[in-house]
Amino acid sequence: MDDLFEYSDSLNAPFQAFSGDFKQMRPHWHYFTEMIYLVSGILYVEVDGKQYTMNPGDMVIFHPKQIHAFLDYPVKEDHPNKPFFYGIKFDDMILSNTTPGSPKLPRILDSANKENTAPNLITAHELRFNPVKLFFENCIWETQHKEFGYDIKVASTISLIVTELIRIWLRQGFHFSSKTTFDQFSTKDFSVLEFIDAHSSENINIEDLASKCGMCYSNFAKQFKAQFGKTCKEYIEFIRVCKADTLLLYTDKTLDYISQETGFTDASHFIRTYKKIRGITPKQRRNNKM
């Protein structure tokens, strides 16, 4: 079973700007922030288990480490069969601030990742006074032509998009934290999330993970829940379910095969866990693609 993790080269390629017309993208995650602006058609997206329907003019943001996908559902008759969208992926460290002492944009985005008042989906209505579509087009043009100073212009334009996004969140009640948070689960030599992703089909010992991070079990469990919103066991189950979705939606493999391939004890364990996380059975997911 393939890993969900997608490598991003933040040193040599700290940003990407692109357009696309595909409606299916398998679940994956990376350390970059990604934004999608839908130009036409309809697009079904999933972010950490939450599903959204995108209409033209809507934008969605995928924060670092969030598992996201495009779901190939039947489209409505009044929409084109194929979506067309603009996309930008970037390392948060390229974001800039011009006012000394103002909150740093990467820190605000990190805070938004943990807040229910900062939703992933931003509607066309909420963006109606903002030239976001033009910003995306500018980034794509600059990335393609690479004229002098293109990297400065792209980084500045991405900062403008993020600023508009944060203003919308603030109007909706978002309050960002001024506290500095540190990722205790990733170093240049070891990443807990990458390890879980690569070994999710195996029996993962959480005490061993804590030891690899230089923590005792109780502190590891407490800090993991605080940073990711799930216990480590719940996160492992969630990764397994995400990988199972790929097999459910895009293959005809049996539930017995899928349960063995993704690390569940048996098909009953798989069905029980899947329903707990998704709210429906694997069979319903496959038959209805919902």
Side-chain angles (χ1 to χ4, degrees), residues 1-6 23-30 42-54 60-63 65-76 113-116 118-121 185 192-207 209 217 220-222 224-290:
M1 189 69 201
D2 293 337
D3 295 343
L4 302 179
F5 174 64
E6 178 184 281
K23 58 182 179 177
Q24 173 186 319
M25 179 176 69
R26 297 190 178 191
H28 67 286
W29 66 275
H30 40 68
I42 189 169
L43 190 62
Y44 299 97
V45 300
E46 185 172 271
V47 192
D48 275 353
K50 296 179 181 179
Q51 296 179 15
Y52 303 95
T53 300
M54 292 186 69
V60 68
I61 182 169
F62 307 129
H63 294 288
K65 305 173 190 174
Q66 285 190 323
I67 299 173
H68 52 281
F70 295 167
L71 303 174
D72 187 9
Y73 291 171
V75 297
K76 300 175 183 177
N113 191 5
K114 303 175 177 63
E115 281 286 336
N116 292 328
N120 292 87
L121 181 68
F185 302 98
V192 167
L193 299 192
E194 289 181 44
F195 182 90
I196 291 173
D197 191 357
H199 299 275
S200 60
S201 62
E202 305 167 16
N203 182 24
I204 299 176
N205 188 304
I206 298 178
E207 291 186 356
L209 290 181
Y217 174 81
F220 175 88
K222 179 181 177 181
F224 193 98
K225 178 70 179 291
Q227 183 159 329
F228 300 110
K230 298 179 177 68
T231 67
C232 190
K233 179 183 177 183
E234 289 171 341
Y235 184 82
I236 293 169
E237 290 179 339
F238 180 65
I239 291 293
R240 288 171 175 165
V241 164
C242 287
K243 292 188 176 185
D245 274 337
T246 297
L247 295 173
L248 283 170
L249 297 176
Y250 307 116
T251 76
D252 59 358
K253 300 295 185 183
T254 66
L255 296 189
D256 283 327
Y257 175 90
I258 294 174
S259 65
Q260 294 174 14
E261 187 73 7
T262 53
F264 292 97
T265 306
D266 51 37
S268 296
H269 179 215
F270 168 48
I271 295 170
R272 187 168 63 251
T273 304
Y274 193 96
K275 188 171 183 180
K276 178 181 70 174
I277 292 176
R278 294 293 194 213
I280 57 176
T281 66
K283 185 176 180 180
Q284 288 172 320
R285 175 76 157 178
R286 170 172 275 173
N287 291 342
N288 300 328
K289 290 192 173 183
M290 293 182 60

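Basis for what follows: all heavy atoms, side chains included, without hydrogens, waters or symmetry-related copies.
Side-chain contact check for Glu261 versus Leu247: some heavy-atom pair is nearer than 4.5 Å. You'll find the side chain of Tyr274 reaches within 4.5 Å of the side chain of Leu248, heavy atoms only. Inter-residue side-chain proximity for Asp197 and Lys243 is flagged as met; some heavy-atom pair is nearer than 4.5 Å. Annotation: side chain of Lys65 is in contact with side chain of Leu193 (closest heavy-atom distance under 4.5 Å). Within the 4.5 Å cutoff, the side chain of Asp72 has no heavy atoms near those of the Leu249 side chain.
With rounding to the nearest 0.5 Å, the separation of CD in Glu237 from OG in Ser200 is 12.0 Å. One distance of note links OH of Tyr52 with CG of Leu121; it measures 7.0 Å at 0.5 Å rounding. Note that CD1 of Ile196 is 4.5 Å distant from CD1 of Ile236, once rounded to the nearest 0.5 Å. In this structure, OG1 on Thr273 lies 8.5 Å from CZ on Arg240, to the nearest 0.5 angstrom. Rounding to the nearest 0.5 Å gives a distance of 10.0 Å between CG of Asp48 and NE2 of His68. To the nearest 0.5 Å, the span separating OG1 on Thr231 from NZ on Lys222 amounts to 15.5 Å.
Shown here is Asn116, whose CG atom has no more than 12 heavy atoms of other residues, nucleotides or ligands within 6.0 Å. More than 12 heavy atoms of other residues, nucleotides or ligands shown are found within 6.0 angstrom of NZ on Lys230.
Contact between Phe220 and Leu209 at its shortest, heavy atoms only, is CZ-CB, 3.9 Å. Heavy atoms only, all atoms of each residue included: Ala198 and Asp3 are closest at CA-OD1, 3.4 Å. Looking at every heavy atom in both residues, Phe238 comes nearest to Gly49 through CZ-N, 3.7 Å. Among all heavy-atom pairs drawn from Pro27 and Cys242, the shortest one is CG-O, 3.9 Å. Closest approach of Trp29 and Gln66 over heavy atoms only: CB-O, 3.5 Å.
Note: Phe228 and Phe185 meet the aromatic proximity criterion, with ring centroids under 6.0 Å apart.
Although no hydrogens or angles enter the test, the distance criterion places no donor-acceptor pair under 3.5 Å between the side chain of Arg285 and the main chain of Ile280.
His63 meets the ring pair (Phe, Tyr, Trp, His ring centres under 6.0 Å) test with no other residue; sequence neighbours excluded. For the side-chain hydrogen bond (donor to acceptor under 3.5 Å, both in side chains) test, residues two or more places apart in sequence or in another chain that qualify with Glu6 are Lys89. Residues passing the ring pair (Phe, Tyr, Trp, His ring centres under 6.0 Å) test with Phe195, sequence neighbours excluded: Phe190, His199.
For the pair Arg278 and Glu46, the salt-bridge criterion is met [side-chain N within less than 4.0 Å of a carboxylate O]. The pair Arg286-Asp252 does not meet the salt-bridge criterion, since no charged nitrogen lies less than 4.0 angstrom from a carboxylate oxygen.
With Phe264 as reference, Val241 is the one residue of Val241, Leu255, Ile258, Asp256 to meet the side-chain contact (heavy atoms from CB on, under 4.5 Å) rule.
Note: His30 and His28 have tilted aromatic rings, judged against thresholds of 30 and 60 degrees for the angle between ring planes.
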